[in-house]
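Single-structure report; data block below.
The shown structure was predicted, so the numbers you read here are calculated from the model rather than taken from an experiment.
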Amino acid sequence: MSVVVDHSRPSQTTPASAGACPATLVMALESACRAPAAEVPTAAAHALAEHGDAVRAVLPDAVWRGSACGYGRHVLHADPGGRFTVVALSWLPGQATPIHGHYTWCTWRVVAGELHEERFRLDASGRWAHHESVARGVGSSSGGHAGMDAGHRLQHAVGHPAVSIHVYGIDSERVATHVNRLVAER
């Protein structure tokens, strides 16, 4: 039997850092949010793929350090209208998310290091079934997806800290509690 858990919690979520998100990315995401609702996730994924690498040059030092307690979330930009939040996730070797789906749309891009993404689908019994594994190096993007029918787990195995930039279709006040949705086995 499966039980739905509301959210996962990384080691920390830090508030927005002034200047940590290039204006070109913010403007592209604002433009993406003006698309028809069904097209916003794909438009946001394109915006991040085109402008996401510029974030690397302006990331705060805390993002590069990581935390031994677990991967960390660092808010880089909170859209004043609550349409999206840009977050840097910092990863030390061995850190991983739990398997999760999303309450909202999400797109992400690796800007340093390498992440391993395992993708899952819910089977008829409501359990996660492994679908595929993908290595994600610098410049690799994924996203435009949301929902519980497709889930994934991200992990950083070895090497120097890794950093990924994530854009969630939710306001920054709820980014720690209303993004990831876990399905846990009882």
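A 4.5 Å side-chain heavy-atom check between Y71 and L154 finds every atom pair outside the cut-off. Using a 4.5 Å cut-off on side-chain heavy atoms (C-beta onward), L89 and V163 make no contact. Contact of the P98 side chain with the R153 side chain is not registered, since no non-hydrogen atoms from C-beta on lie closer than 4.5 Å. Put simply, the side chain of I165 does not reach to within 4.5 Å of the side chain of V87, judged on heavy atoms. Contact check for M27 versus L29: no side-chain heavy atoms found under the 4.5 Å cut-off. By the 4.5 Å heavy-atom criterion applied to side chains, L76 and P60 are counted as neighbours. Residues S164 and W91 form a side-chain contact, since some pair of their non-hydrogen atoms from C-beta on lies under 4.5 Å apart.
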Next on the checklist: Run S142 and E117 through side-chain contact (heavy atoms from CB on, under 4.5 Å) and show every step you take.
Outcome noted: CA-CA 10 Å; S142 181; E117 180 183 22; 3.9 Å; yes

Next on the checklist: side-chain contact (heavy atoms from CB on, under 4.5 Å), that's the test. Do T42 and W105 meet it? Break it down for me.
Outcome noted: CA-CA 9 Å; T42 301; W105 61 263; over 6 Å; no

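Listed for the T85 side chain is a donor-acceptor partner under 3.5 Å among the backbone atoms of I170. The backbone N or O of S67 sits less than 3.5 Å from a side-chain atom of Q95, completing a donor-acceptor pair. Between the side chain of H116 and the backbone N or O of H156, no donor-acceptor pair lies under 3.5 Å. In this structure, R109 contributes its side chain and G139 its backbone to a donor-acceptor pair below 3.5 Å.
The minimum heavy-atom distance between S141 and R136, with the atom names listed, is O-NH1, 3.2 Å. Across H77 and V26, no two heavy atoms sit closer than the pair NE2-CG1, 3.6 Å. The minimum heavy-atom distance linking A162 with G113 is given by the pair CB-CA, 4.1 Å. Summarising the geometry of A32 relative to A44, their closest heavy-atom pair is CB-N, 3.6 Å, with the distance given to 0.1 Å. A pairwise comparison of heavy atoms in V40 and A35 identifies CG2-O, 3.6 Å as the closest pair. Shown here for H74 and S90, the closest heavy-atom pair between the two residues is NE2-OG, 3.1 Å.
W108 and H152 have tilted rings, their planes meeting at an angle from 30° to 60° on a 0 to 90° scale.
With respect to the salt-bridge test (charged N to carboxylate O, under 4.0 angstrom), the residues D79 and R83 qualify.
For Q155, the side chain to side chain donor-acceptor pair (under 3.5 Å) partners at least two apart in sequence or on another chain are E118.
Note: T104 OG1 to F84 CZ = 12.5 Å, rounded to the nearest 0.5 Å. For the atom pair CG (L92) and NE2 (H160), the distance works out to 12.0 Å, reported to the nearest 0.5 Å.
Of the N and O atoms on the side chains of T107 and H166, not one donor lies less than 3.5 Å from an acceptor on the other residue.
Surrounding NE2 of H130 are more than 12 heavy atoms belonging to other residues, nucleotides or ligands, all under 6.0 Å away.
Residue pairs meeting the side-chain hydrogen bond (donor to acceptor under 3.5 Å, both in side chains) criterion with at least one partner in residues 55-66, sequence neighbours excluded, do not occur; the list is empty.
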